[in-house]
There are 2 protein chains.
Amino acid sequence: MDKMQNLSKNQQIIFDLIDKSSEPMKAYSILHNVQKKGIKAPLQVYRALDKLVEIGKIHKIESRNAFIACHNSSCQVSKATAFSICEICKKVTEISSASLSKYLTNFKDKDGMKYSKYNLEFFGLCKKCR
Amino acid sequence: MDKMQNLSKNQQIIFDLIDKSSEPMKAYSILHNVQKKGIKAPLQVYRALDKLVEIGKIHKIESRNAFIACHNSSCQVSKATAFSICEICKKVTEISSASLSKYLTNFKDKDGMKYSKYNLEFFGLCKKCR
DNA sequence: TTACATAGTGTTATAATATAACAATTTAAA
DNA sequence: TTTAAATTGTTATATTATAACACTATGTAA
Ligand SMILES: [Zn+2]
Ligand SMILES: [Zn+2]
Ligand SMILES: [Zn+2]
Ligand SMILES: [Zn+2]
């Protein structure tokens, strides 16, 4: 539930790698980078990724099949995520906007349904690429 | 730009199938269903899907790798999409909310950046599954 | 009409992403 | 300490998506 829990060996290795990376990392690129540390099979990577996503240490960028570390302390453990994605340089940034998360968390559809979770991906050109 | 343009043979076959479906369809399930109509290879499916997405006749549900027909005449040609997804029955519905699309289309991040496109996926339980 | 450009098709092969199944080991509680 | 839950290791396989190349249809403009 919180992000303080201890990670297992593989989880820690993979989290450290993603956390250091300046860009979202793909599963097989992660695999490549941790083979020298003894993680040899895709499944070992995917299992760690699943857990890290579940506890909110990382997020999956669905449109890119890639993973980034969460740097947003207020993000509700992977339950409410928003990202900006540059269509040229592919830079991905987690958006941390109280008003946006408030708006979406409270959003009700036509039937009055409220949602327990959302993922939002914005696309455009980043500062550098404009 | 508009949705009125003529579709090619393969595009029409694949659009008709997705449009008739009550749920999002996956590429290889589509392939399976159109083989009797002469579409034999994955690439034929993916090319049609790419085009249909581009012109806004269908949308890709990124978290599911599946495709649904657009039934939202006001949706800005795949540039601004929102869906609700039931986590039990997997039912997916395109959300058509003027206030939501207005809010997101006008959303500016901390640096004042406005985005040209977004995709939002809400998760929860649908009416039936609650 | 002809020439040209653009979009679409068919095909084979292969790349990239992700999970199934099973056995063993470690860790955390009761 | 015993038991349950989580994690690991491993092999094999399933699923999703693209590369490369040759050919065909369609629209447009001289
Ligand atoms: Zn986060
Ligand atoms: Zn950029
Ligand atoms: Zn739509
Ligand atoms: Zn449901």
Side-chain angles (χ1 to χ4, degrees), chain A residues 1-18 21 23-68 90 92 119 121, chain B residues 1-18 21 23-68 77-78 90 92 119 121:
Chain A
M1 186 57 97
D2 64 15
K3 297 185 184 178
M4 296 296 122
Q5 75 187 245
N6 294 326
L7 300 179
S8 74
K9 179 169 129 285
N10 288 0
Q11 289 160 15
Q12 190 69 57
I13 290 168
I14 286 170
F15 174 72
D16 288 344
L17 179 67
I18 297 171
S21 172
E23 54 186 21
M25 293 195 75
K26 290 175 160 258
Y28 277 73
S29 159
I30 292 167
L31 176 58
H32 227 80
N33 278 275
V34 296
Q35 280 184 326
K36 54 196 162 230
K37 300 216 163 141
I39 295 174
K40 291 177 198 155
L43 196 44
Q44 294 174 290
V45 172
Y46 280 105
R47 284 196 286 223
L49 290 173
D50 285 350
K51 187 67 182 187
L52 291 167
V53 166
E54 183 192 324
I55 64 179
K57 298 277 292 183
I58 66 173
H59 302 302
K60 182 173 186 181
I61 310 301
E62 293 287 357
S63 65
R64 296 278 186 266
N65 298 318
F67 300 84
I68 62 170
K90 314 301 182 195
V92 174
N119 180 58
E121 298 179 8
Chain B
M1 186 58 96
D2 66 15
K3 300 185 186 180
M4 294 298 122
Q5 75 186 249
N6 294 328
L7 301 179
S8 74
K9 179 169 128 287
N10 288 1
Q11 289 160 15
Q12 190 69 57
I13 289 168
I14 286 170
F15 174 72
D16 288 344
L17 178 66
I18 297 172
S21 172
E23 54 187 23
M25 293 195 74
K26 291 176 159 257
Y28 278 72
S29 159
I30 292 168
L31 176 58
H32 237 83
N33 277 275
V34 297
Q35 280 184 325
K36 55 196 161 226
K37 300 214 162 141
I39 296 175
K40 290 177 199 155
L43 197 43
Q44 294 175 290
V45 173
Y46 280 105
R47 283 196 287 225
L49 290 173
D50 285 350
K51 186 68 181 185
L52 291 167
V53 166
E54 183 192 324
I55 64 179
K57 297 277 293 182
I58 65 173
H59 301 301
K60 182 174 187 182
I61 309 301
E62 293 286 357
S63 64
R64 296 279 187 264
N65 298 317
F67 300 84
I68 63 170
V77 186
S78 300
K90 314 301 182 195
V92 174
N119 180 58
E121 298 179 7

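Reminder, nothing fancy here: chain letters follow the sequence lines and each chain counts from 1. Computed from heavy atoms alone, side chains included, the values below leave out hydrogens, waters and symmetry copies. All of these numbers come straight from a predicted model, not from anything done at the bench.
The minimum heavy-atom distance linking B/Phe15 with B/Ile58 is given by the pair CD1-CG2, 3.8 Å.
Atom CD in A/Glu62 sits about 12 Å away from atom P in D/dA17, given to the nearest Å. Distance A/Leu31 CG to D/dT10 P: 13 Å, rounded to the nearest Å. Atom pair B/Ile55:CD1 and C/dG8:C1' shows a separation of 13 Å (rounding to whole Å applied). In this structure, A/Arg64 places its CZ atom 12 Å from P of D/dT18, rounding to the nearest Å. One atom, OH of B/Tyr28, and another, C1' of C/dA16, lie 11 Å apart when rounded to the nearest Å. The interatomic distance linking B/Ile30 (CD1) with D/dT15 (P) rounds to 15 Å, in whole Å. Atom CG in A/Asp50 sits about 11 Å away from atom P in C/dA20, given to the nearest Å. As rounded to whole Å, 14 Å separates atom C1' of D/dA6 from atom CG of A/Leu52.
Of the two residues near DNA chain C, A/Arg47 and A/Ser29, the one whose nearest nucleotide lies more 5' is A/Ser29.
The shortest distance between side-chain heavy atoms of B/Met25 and B/Asn33 falls below 4.5 Å. Residues B/Arg47 and B/Asn10 are not in side-chain contact: their nearest non-hydrogen atoms beyond the backbone lie 4.5 Å or more apart.
Annotation: the terminal axes of the helix from C/dT1-D/dA30 to C/dA30-D/dT1 meet at 50°, where each axis is the rotation carrying the C1' atoms of four end pairs onto the next four (5 pairs per end, rounded to 10°).
Looking at A/Glu23, its side chain never comes within 3.5 Å of a backbone N or O of A/Lys90 through a donor-acceptor pair. Looking only at distances, a side-chain donor or acceptor of B/Glu121 sits under 3.5 Å from a matching main-chain atom of B/Ser63.
A distance of 8.0 Å separates OG in A/Ser8 from CG in A/Leu52, rounded to the nearest 0.5 Å. Interatomic distance, CD1 of A/Ile14 versus NZ of A/Lys9, reported as 10.0 Å (0.5 Å rounding). With rounding to the nearest 0.5 Å, the separation of NZ in A/Lys26 from CZ in A/Arg64 is 8.5 Å. The distance from atom CD of A/Gln12 to atom CG of A/Asn6, rounded to the nearest 0.5 Å, is 8.5 Å.
Using a 4.0 Å cut-off, no side-chain N or O of A/Ser8 falls inside it from OP1 or OP2 of D/dA6. The phosphate of C/dT17 (OP1 or OP2) has a side-chain N or O of A/Lys26 nearer than 4.0 angstrom. At the phosphate of D/dT16, neither OP1 nor OP2 sits under 4.0 Å from any side-chain N or O atom of B/Lys60. Between B/Asn10 and C/dG10, a side-chain N or O to OP1/OP2 separation shorter than 4.0 Å is present. Phosphate contact (OP1/OP2 of D/dA17, side-chain N/O of B/Asn65, threshold under 4.0 Å): present.
Of the residues in residues 37-46 of chain B, those lying under 4.0 Å from DNA chain D by heavy-atom distance are B/Leu43, B/Tyr46.
Distance from the side chain of A/Lys51 is smallest for D/dT7 among the nucleotides D/dT7, C/dG8, D/dT8.
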Q) Going through the distances and angles, do B/Ile30 and B/Leu49 end up as a side-chain contact (heavy atoms from CB on, under 4.5 Å)? A) CA-CA 10 Å; B/Ile30 292 168; B/Leu49 290 173; 3.9 Å; yes

